[in-house]
Amino acid sequence: MDKKFTMLKNKAIIIGITGGIAAFKTAELVRALTKRGASVHVVMTKNAMEFVTPLTFQTISGNPVAHEMFQLFSGSKIGHIVLSDIADQMVIVPATANIIGKIANGIADDFLTTMAMATTVPVLFVPSMNTKMWESKMVQANLQKLKDAGYESMEPGSGDLACGTSGRGRLPTIEEILEKMEDIFTDKDLVNERILVTAGPTMEFIDPVRCITNRSSGKMGYAVAKIARRRGAEVILITGKTYLPPPRTDMEIIEVTTAWEMRDAVMEHYKPCTIIIKAAAVADFRCKNENCQKIKKKGDSSSISLELEKNPDILAELGKVKENRILIGFAAETENVFDHAIEKLKKKHLDLIIANNVAQSGIGFGSDNNEVTIIDKSGSMKHVPILSKDEIANIILDSVKKVLKKRKVVEDDWY
Ligand code: CTP
């Protein structure tokens, strides 16, 4: 099983494949779903079988593939009714202009269209087609009809298309489709919150080609931003340079390089936020005299000195102006983890601090996993064993919810 935190585990997913060139990519989606512990049942249209074969999908999913209108399942039961009964979510990928038009207009003339109309579970359309078709009034009107009828849909991506042109119409990435599917299953319990997350390392220049930075990959902060958005919060992500794809496309992402740039971006954006989560690894020092030319290794000198000066402590600054915002910091420690973390929590006026031992191998910097202890203002600690960063992010957000609930109780008692 994929170690990622997932709502897809043990879910029955119906994957409907229609006749588009992107049909071959669906095989990768089916594999990713089975790796996440979902049971996948594939339904194909006749046109889909021009591009890919049922055998491929039967092999990957481990389940029979449905493609005949009157296919019988388990004895005398009609296939689309059986699948409707067991399904938790249905995804049509790729969704062509044809399938969008048919279902939007109530045409049920094959297994897939019948199934999409017979089911009461969420149905997600993942379109992929030529740009002109995508932009056509008919496709857009049909999509609107589907949305009005409660169907879910995704926007296609942009790039080179199979028809030799370039533009909007590409199938979204497998990660984006999985994220949308997770999103559909997730309770929107942070819907009224606006969360600012910082992530990644900052970078301080020595000269135009060299810099001081740290080993932060940004994965923890990106996971917090993604899960917060999945749970319905509005998210602004302020990030140092990372090698990660954006966690989601539906959040504001501001890229910065230095600690000062991060500080300025945070100060510009924190005010409308209700929660601030500072997962960034901010460089504490920068070069006092940044060279505007590359430093040359002159003469025989075997050493060089760099004079460093302190960077702003963004979290400490926020602690002074936070008012009733919830402020959460991370403490990256290599020794006396809890003592140092509690000291930071108090000094920076935090509501929660997430302490982690970055010296422990297999977790922390660069890893997909982490092991943390969440400490609140009263000193109570919650130890979270090694889990994926997505799952840790979810648990951190549960702790944030608890702080919100406690506040609500105090406010209610007050009135
Ligand atoms: N932080 C910050 N600005 C800094 C340094 C740290 O906002 N200049 C934030 C980090 O984002 C993190 C928290 O403060 O949420 C703690 O960071 P950490 O590096 O563990 O500790 P420092 O406060 O820098 O202290 P030290 O390096 O001495 O451990």
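Atoms within each ligand, like the ligands themselves, are counted from 1 in listed order. Computed from a prediction, not measured in an experiment: that's the story for all the values here.
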Self-check item: Leu171: side chain to side chain contact (heavy atoms under 4.5 Å, CB included) partners, not counting sequence neighbours
Solution: Ala22, Lys25, Val93, Pro94, Val126, Ser128, Ile177
Quiz prompt | Pairing of Asp187 and Arg231 as salt bridge, 4.0 angstrom limit | solution = no
Quiz prompt | Those residues that, when tested against Phe125, pass ring-ring contact (aromatic ring centres under 6.0 Å, His included) (two or more places apart) | solution = Tyr151
Quiz item: What residues sit with at least one heavy atom under 4.0 Å from ligand 1?
Solution: Lys278, Ala280, Val282, Asp284, Pro312, Asp313, Ile314, Leu315, Gly329, Phe330, Ala331, Ala332, Lys344, Lys348
Quiz item: Do the side-chain N and O atoms of Glu371 and Gln360 include a donor-acceptor pair separated by under 3.5 angstrom?
Solution: yes
Exercise. Please say which of Ile92, Val91, Ile103, Ile184 ends up in a side chain to side chain contact (heavy atoms under 4.5 Å, CB included) with Val123.
Key: Ile92
Quiz prompt | Contact list for residues 232-247, test salt bridge (Lys or Arg N to Asp or Glu O under 4.0 Å), sequence neighbours left out | solution = Arg194-Glu234
